[in-house]
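Have a look at the structure below before the remarks.
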Number of protein chains: 2
Amino acid sequence: MSKDFSELFPNQNKRQKDFQCSIGFTMTVIGSKWRAIILWHVLQSQLIRYGQLKKSIPKISHKVLSQELRNLEMDGLIERIAYATIPPKVEYIPTPRGKSLEKILQELCVWGKKYFK
Amino acid sequence: MSKDFSELFPNQNKRQKDFQCSIGFTMTVIGSKWRAIILWHVLQSQLIRYGQLKKSIPKISHKVLSQELRNLEMDGLIERIAYATIPPKVEYIPTPRGKSLEKILQELCVWGKKYFK
DNA sequence: CGGTATCCTGAGGGATACTG
DNA sequence: CAGTATCCCTCAGGATACCG
């Protein structure tokens with residue numbers, strides 16, 4: 001694993017380090033149960049608060065949503081903006097790297113629609 | 001879950017049945033650790049024997065490769081052709097539905113290459 | 001409001017061996 | 001050569017509760 005790589009995806013240090021092909025790598029970034037869906041919602045709204053995200057994805061648990069938002073942030077796909085107010089307010093926006101996945105997520109969505117229901 | 005859906009993806013009966021959006025569904029089809037990679041290899045070669053596939057993806061275990069090939073077959077993404085010879089010979093080819101994922105897999109591959117190594 | 005800690009369960013998937 | 005069965009273990013992710 002190159003230095004560049006580790007810097008781009010610090011989160012990857014915890015994950016599988018050798019891939020058959022780069023599809024395997026991409027899958028570690030968006031291939032979990034919720035990560036693609038969360039990123040998709042962030043991309044759709046451009047800027048979204050935690051609570052709104054939770055409402056948009058009601059079946060995800062509080063813990064997992066927080067957790068995956070951290071992962072997406074650590075992989076540089078979204079940016080977290082926290083306001084030091086009471087009550088707290090946190091917003092998420094996509095980064096350029098996150099936006100670079102928009103087309104793919106769009107296609108995953110279209111493909112799914114075609115065959116689901 | 002509609003009747004059509006069950007018929008198209010009998011394998012889905014074992015899986016999550018409600019999705020936030022269709023990305024979630026697509027992920028159940030190709031989102032496992034190996035499924036996208038296997039399908040990718042089948043698509044690349046157009047027709048490939050079990051043993052060749054195993055060599056192409058050395059890190060996958062025998063059991064999991066068989067298992068995922070079944071899943072891909074049950075989801076209608078690949079077709080299995082078995083010859084009743086001794087020793088046995090089994091070939092896998094992509095179906096039209098499998099081919100409909102080629103572009104997406106290609107993009108997953110390109111995206112991964114861009115950031116991995 | 002949003003994050004984190006703890007605990008727990010189940011499914012994914014690895015190793016191995018037996019079968020035709 | 002290819003498929004299946006068994007065993008086992010890790011870890012993703014769900015429920016709950018407490019914190020700032």
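Just so we're on the same page: letters track the sequence lines, and every chain starts at 1. This structure is a prediction, so every number in the text was calculated from the model and none was measured.
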Exercise. Identify whether any heavy atom of E68(B) sits under 4.0 Å from a base atom; if not, whether one sits that close to sugar-phosphate; answer base, sugar-phosphate or nothing.
Key: sugar-phosphate
Exercise. Let me know the distance between CG of N71(B) and C1' of dG12(C), rounded to the nearest Å.
Key: 11 Å
Quiz item: Sub-3.5 Å donor-acceptor pair from the side chain of T26(B) to the main-chain atoms of C109(A), do we have one?
Solution: no
Quiz item: Below 4.5 Å, heavy atoms only, C-beta onward: do R80(A) and V90(A) meet side chain to side chain?
Solution: yes
Exercise. Write down the distance between CG (L69(B)) and C1' (dT4(D)), rounded to a whole number of angstrom.
Key: 14 Å
Exercise. Estimate the overall bend of the helix from dC1(C)-dG20(D) to dG20(C)-dC1(D) from the end axes over five pairs each, rounded to 10 degrees.
Key: 40°
Practice problem: Please work out which residues in residues 45-54 of chain A have a non-hydrogen atom less than 4.0 Å from an atom of DNA chain D and list them by number. | Solution: none
Exercise. Using a cut-off of strictly less than 4.0 Å, decide whether R35(A) has a side-chain nitrogen or oxygen near OP1 or OP2 of dA12(D).
Key: no
Practice problem: Using a 4.5 Å cut-off on heavy atoms from C-beta on, say whether the side chain of I30(B) contacts that of M27(A). | Solution: yes
Quiz item: At under 4.0 Å, does any side-chain N or O of R80(B) touch on OP1 or OP2 of dG3(D)?
Solution: yes
Exercise. Would you kindly give the CD-to-P distance between E91(A) and dG2(C), to the nearest whole Å?
Key: 9 Å
Exercise. Just grab all the ring-ring contact (aromatic ring centres under 6.0 Å, His included) pairs involving residues 44-100 of chain A, residues at least two apart or on different chains.
Key: Y50(A)-H62(A)
Quiz item: Do the side chains of V29(B) and R35(B) get nearer than 4.5 Å, heavy atoms only?
Solution: no
Self-check item: Length of the NZ-P vector between K89(A) and dG3(C), whole Å
Solution: 14 Å
Quiz item: Please give, in whole Å, the distance from dG2(C) P to I57(A) CD1?
Solution: 14 Å
Exercise. Quickly work out the I81(B) CD1 to dA2(D) P distance and round it to whole Å.
Key: 13 Å
Quiz item: With R70(B), which residues qualify under salt bridge (Lys or Arg N to Asp or Glu O under 4.0 Å), at least two apart?
Solution: E73(B)
Practice problem: Quick one: list whatever passes side-chain contact (heavy atoms from CB on, under 4.5 Å) with S61(B), sequence neighbours left out. | Solution: K63(B), V64(B)
Self-check item: Qualifying residues under salt bridge (Lys or Arg N to Asp or Glu O under 4.0 Å), relative to K89(A), sequence neighbours excluded
Solution: E91(A)
Quiz item: Between dG2(C) atom P and I86(A) atom CD1, what is the distance in whole Å?
Solution: 14 Å
Quiz item: Hydrophobic clusters join Ile, Leu, Val, Met, Phe, Trp and Tyr when side-chain heavy atoms are under 4.5 Å apart, directly or via other members; which others share one with V110(B)?
Solution: none
Quiz item: Does L65(B) offer a backbone N or O that forms a donor-acceptor pair with the side chain of K54(B) under 3.5 Å?
Solution: no
Exercise. Describe the nucleic acid contact of Y83(B) in one word from base, sugar-phosphate, nothing, applying a heavy-atom distance below 4.0 Å.
Key: nothing
Quiz item: Any idea which heavy atoms bring Q46(B) and P94(B) closest together, and the distance?
Solution: O-CD, 3.0 Å
Self-check item: R70(A) CZ to dG13(D) P, straight-line distance once rounded to whole Å
Solution: 18 Å
Self-check item: Within residues 99-111 of chain A or reaching into it, pairs that qualify as side-chain hydrogen bond (donor to acceptor under 3.5 Å, both in side chains) - sequence neighbours excluded
Solution: S100(A)-W111(B), K103(A)-E107(B), E107(A)-K103(B), W111(A)-S100(B)
Quiz item: Could you run down nucleotides 14-20 of chain D 5' to 3' and tag each one B, S or - for protein heavy-atom contact under 4.0 Å?
Solution: BB-B--B
